[in-house]
Each structure stands twice: as C-alpha cells, then as structure tokens.
Amino acid sequence: YLATLGLHSERVELTADLAFLLEPAPTQRVDAILQAEGVRFPGPPLLGVSVSQLMQSHYQRHNPRADATPFVPMLAAALDEAARRLGCRVLFVSHVTGPSRTKDDRLISRSVQRAMETPAQVLEGEYGPQELKGVISRCHVFLGSRMHANIAALSSTVPVVALAYSHKTPGIMQLVGQGDLVCPAASLGRDDITAKLTCAWEQHEERTRLLAQRLPRIRDRSRRNIELIEQLLHDQPATPSPPASGRSIASS
C-alpha cells in the first residue's frame, strides 16, 4: 500500500501497535472489578471471550455455513463444548461499549450467553483500557474478535485464539508466533474453534513461554513509533514546508 503512494522502501520502517505498551490497572482495582461483577476466585480457570457484532456480520456475509448455522448458536455450541472439555468458566469481556448501540459488545455477548447450555458471565460495566487489560490478564486462554482485546491478552502472555475478518489479526498473531491459532470468519465453525481452543489450552505453558520471549522485541518496536514521532517533531522547521526525502514512515 505504501509503495502505491510512491514511498520508497528505505523510508519505511516496521513497528508494532502501541497497545503492546499499555500497562494493566493495579491488582487491587482488578480484584474490585471482578468482585463487583461476581467473578469468583479461586475457581475453574477463565476462558475470556471478546465477540463483536462486526464479527457476526462478516461471518453471516462471507461464511457458506451461515444460512444453516447462524453465528450466535454456532459460537454458543463451540463455547459449551470448550467449557465441558476444558473444565473452564466462560467470561465475556466487552472491549467496545459504544458510542452507538450497534457497537456495544455486551449485546452480542448476552445473545451468545443466552444461547449457551453451560453457565457464562458477561462483564457488564464500562471500563477503561487498563482495567480491561487487567481483567483479561486473569484469563487462562482468550478467544477474541477484537484486535486490541487480543493484544491485551498477548501482551499479558495469555494464549489467544483469534477470530479474524481482516489481514490485521493474522499479521499480529504471526508476529507473536501464534499464527496457527487464527480462525478466519469465512471458514469459521464450531469444530475449528474448539480444536484451536483445546490446542491453546493443552499447550498453555509452551505458548506462554514463547510470548514472554517475543514480547520485549515487540515492545521495542512499539516504542520506535514514539522515537520516530520525536524525530519528526525535532526536525520540523519553524515554517511549514514539504517533508524531507529522508524522513521515515512507521507502519505498525
């Protein structure tokens, strides 16, 4: 894409999403949120879930199974199977709650929850990014359709099974060495989800260790965005002028 804009490759530097640098809320605050939401500890390990109406829309439009098996009952059946097979609790973490009703993840989360046979909980409050990351960090494995919810999990060394409808999610999962745990919307199905969740669960220790090894370099790439911005601001002349040919463009 950058090449089509006429940018030469030597001016392009690969960075990483700034969300990898986000710090979670303090432990006491996360404990208070979980207590208020009725998420009890100790207890069976948590399977965190981030689901969106956007994911549902892509599934219904592009998946050949959608007419026979709509998104909500398909995902509910997959989560029921995962809960039985893995002995986990399902917690829906609504990573987006507005500004419009159609963008509120709690609505689709409640729909899936109601369709499930096994008990599940929906995080009902509205929380900031650091608070949500703190909650996600308490999960054993995460199933996510929101990219930044997945990044919150990955950067907390929580293994992720990613539901993907664009090129961004597979790219991030490959960056952290988890590319085999991507479920594309166009081919999404109950068996695919449960198989990948089982894989992430059984390989939890190995995948957590790999994430811990990869994260320092990725965070360095994230900080590089800030360094490049500082360079551009420092080099900016007093009066506006066209950018110099040697300046860099960061692509995360």
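Keep in mind that the numbers below use all heavy atoms, side chains included, and drop hydrogens, waters and symmetry copies.
The salt bridge (Lys or Arg N to Asp or Glu O under 4.0 Å) search around Glu81 returns Arg84, Arg85, Arg190, not counting sequence neighbours. For Gln121, there are no side-chain hydrogen bond (donor to acceptor under 3.5 Å, both in side chains) partners two or more places apart in sequence or in a different chain. Listed by chain and residue number, Arg207 satisfy the side-chain hydrogen bond (donor to acceptor under 3.5 Å, both in side chains) test with Gln203 (two or more places apart in sequence, or in another chain). Residues satisfying the side-chain hydrogen bond (donor to acceptor under 3.5 Å, both in side chains) test with Thr4, not counting sequence neighbours, are none. Shown here are the salt bridge (Lys or Arg N to Asp or Glu O under 4.0 Å) partners of Arg221, two or more places apart in sequence or in another chain: there are none. Taking Arg214 as the reference, nothing meets the side-chain hydrogen bond (donor to acceptor under 3.5 Å, both in side chains) condition, with sequence neighbours excluded.
Under the ring pair (Phe, Tyr, Trp, His ring centres under 6.0 Å) criterion, no residue pair touches residues 14-37, with sequence neighbours excluded. For the salt bridge (Lys or Arg N to Asp or Glu O under 4.0 Å) condition, no pair includes a residue of residues 44-57, sequence neighbours left out. A ring pair (Phe, Tyr, Trp, His ring centres under 6.0 Å) check over residues 181-211, counting only residues at least two apart or in different chains, returns the pairs His140-Trp201, His140-His204. Counting only residues at least two apart or on different chains, no ring pair (Phe, Tyr, Trp, His ring centres under 6.0 Å) pair has a member in residues 79-109. For the side-chain hydrogen bond (donor to acceptor under 3.5 Å, both in side chains) condition, the pairs that include at least one residue of residues 34-59, sequence neighbours left out, are Glu37-Tyr127, Ser57-Arg61.
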Would you give me the side-chain donor-acceptor pairs under 3.5 Å for residues 151-173, sequence neighbours excluded?
residue: Ser155; atom: OG; partner: Lys133; partner atom: NZ; Å: 2.8
residue: Ser155; atom: OG; partner: Ile151; partner atom: O; Å: 2.7
residue: Ser155; atom: OG; partner: Ala152; partner atom: O; Å: 3.3
residue: Ser156; atom: OG; partner: Ala152; partner atom: O; Å: 2.8
residue: Ser166; atom: OG; partner: Lys168; partner atom: N; Å: 3.3

